[in-house]
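Only one structure is covered here, and it is reproduced in the block below.
Computed from a prediction, not measured in an experiment: that's the story for all the values here.
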Amino acid sequence: MSNPLSPTDYNFSLRGSLIGAQMLFVAFGALVLVPLLTGLDPNVALFTAGAGTLLFQVVTKGKVPVFLASSFAFIAPIIYGVQTWGIPATLCGLAAAGVFYMLLAGVVMVRGVGVISRIFPPLVTGPVIMVIGLILAPVAVHMAMGRTGDGAMVLIPETTAMVVSLVSLGVTVIVSLFGRGFMRLVPILCGLIAGYGLSLFLGLVDFSRVTAAPWFAVPSFTIPQWSWEAIIFMLPVALAPAIEHFGDVLAISSVSGRNYLKEPGIHRTLMGDGLATTLAACLGGPPNTTYSEVTGAVALTKVFNPAVMTWAALTAIVLAFVGKVGALLSTVPVPVMGGIMLLLFGAITVVGLNTLVRAGQDLLEARNLVIVALTLVSGLGGMALNFGPVELRGIGLAGLVAVVLNLLIPGFKTSDSDGLKGPAVPH
């Protein structure tokens with residue numbers, strides 16, 4: 001008898017429930033890390049990941065076996081946005097990023113993929129990705145050393161914090177380098193577990209909130225608050241995940257043996273990402289994106305039935321209403337997350353650098369040097385531009401500088417595929 005989960009056609013059955021839960025487990029560590037680092041609610045993140053995946057499946061006609069969840073590319077911008085404007089205003093910017101995806105989907109449907117490479121070539125996306133990784137690197141260092149993200153308050157003695165953070169970092173690196181099979185798909189989860197276990201041994205974990213939390217609780221949904229500043233700030237950040245999306249769809253197409261770029265079409269998958277991101281932001285969750293880790297799990301298990309991701313989504317939604325899940329996640333000590341952030345923010349920076357390298361362009365050529373140099377300095381140097389009540393700085397300013405300079409300075413050359421080169425930003 002043939003396995004009903006082997007075909008690539010949608011086939012929803014009870015048999016896929018356990019495999020779907022396994023797919024969620026692969027994404028779980030990365031999924032909850034984003035809200036833990038940014039101050040968003042983990043239970044809301046679980047709910048919006050599940051709801052976003054279901055919405056994506058509707059838009060793509062249930063044809064693509066992917067799971068959508070929190071994007072790492074937005075961690076630094078969300079932290080900055082929450083510190084600057086607060087959570088509701090930051091959510092407004094994230095919702096606008098989803099709308100940006102939808103507009104890109106419309107442009108791709110009408111003009112083709114090549115239009116993206118003409119506006120956002122590697123010379124633009126590379127340095128912007130580097131700014132994303134570097135701008136809040138001090139936050140990772142502060143947390144790894146047992147302080148709050150801004151360094152204003154010591155939460156855990158520095159020596160103890162450094163031991164815990166280095167264990168979390170070390171295990172994550174070791175599993176990434178030497179893990180085999182399923183283990184290689186969950187290095188962040190392994191690092192979290194190792195650091196948390198050591199924290200338990202050292203008495204750094206307080207379970208009082210877990211004891212007090214109810215088993216059943218409606219997630220603490222948050223409504224966005226209008227903010228032009230947050231919108232303008234977040235739009236350039238959406239460039240990296242949008243380009244990453246093409247790579248993810250190509251990867252899952254290669255794994256499953258079906259061309260999802262043509263059917264259901266890249267415009268539909270991008271539209272699904274955009275709608276899921278805006279839905280998440282409107283409820284208080286982090287932006288959604290297709291998960292490379294889950295693509296790896298699909299390749300490992302050879303389960304290509306998209307209905308398995310429906311089960312993963314339903315499992316995430318059910319867990320979102322378990323109050324003790326969020327309370328337990330909130331007990332993760334600061335240095336555990338800080339240790340992983342050291343690698344994460346550095347890795348994002350390297351991805352941006354590699355985007356430039358793979359483009360094969362001479363960065364010392366005058367035009368390239370001007371664009372990259374001014375993008376990095378304007379983004380990292382604290383420069384700010386004021387347009388009435390709107391202030392543009394950091395990542396938003398870097399994105400604007402890169403796009404404008406690339407379009408204005410003579411000598412712009414690209415092929416239709418240039419803008420899609422380079423590895424994806426890690427989730």
Margin query: Please enumerate all residues that pass side chain to side chain contact (heavy atoms under 4.5 Å, CB included) together with Ile87, with sequence neighbours excluded.
Written below: Leu40, Val82, Leu91, Thr222
Margin query: Suppose we screen for side chain to side chain contact (heavy atoms under 4.5 Å, CB included). Which residues come up paired with Ala312, at least two apart in sequence or across chains?
Written below: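 Once residues adjacent in sequence are excluded, the partners of Ala312 under the side chain to side chain contact (heavy atoms under 4.5 Å, CB included) criterion are Met23, Leu24, Phe67.
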Non-hydrogen atoms of [X] and [Y] that approach each other most closely:
| X | Y | answer |
| --- | --- | --- |
| Ala144 | Gly339 | CB-N, 4.2 Å |
| Ala89 | Ser227 | CB-CB, 3.7 Å |
| Pro333 | Ile156 | CB-CD1, 4.2 Å |

Margin query: Checking the side chain of Asn288 only, and the main-chain atoms of Ala276 only, is there a donor and an acceptor separated by less than 3.5 Å?
Written below: yes
Notebook entry, point to check: Are any side-chain N or O atoms of Arg147 and backbone N or O atoms of Leu155, one a donor and one an acceptor, separated by less than 3.5 Å?
Noted result: no
Give every residue pair that meets the side-chain hydrogen bond (donor to acceptor under 3.5 Å, both in side chains) criterion with at least one member in [range], sequence neighbours excluded.
| range | answer |
| --- | --- |
| residues 164-178 | none |
| residues 263-277 | His245-Thr269, His245-Asp273 |
| residues 35-61 | Gln57-Thr310 |

Notebook entry, point to check: Between Thr331 and Tyr196, is any side-chain donor less than 3.5 angstrom from a side-chain acceptor?
Noted result: yes
Check: Nearest 0.5 Å, what's the CD1-CD distance between Ile371 and Glu365?
Finding: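 Reported value, rounded in 0.5 Å steps: 8.5 Å.
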Which side-chain N or O atoms in residues 376-385 pair as donor and acceptor under 3.5 Å with protein atoms at least two apart or in another chain?
from   : atom 1 : to     : atom 2 : distance (Å)
Ser378 : OG     : Leu374 : O      : 2.7
Ser378 : OG     : Thr375 : O      : 3.1

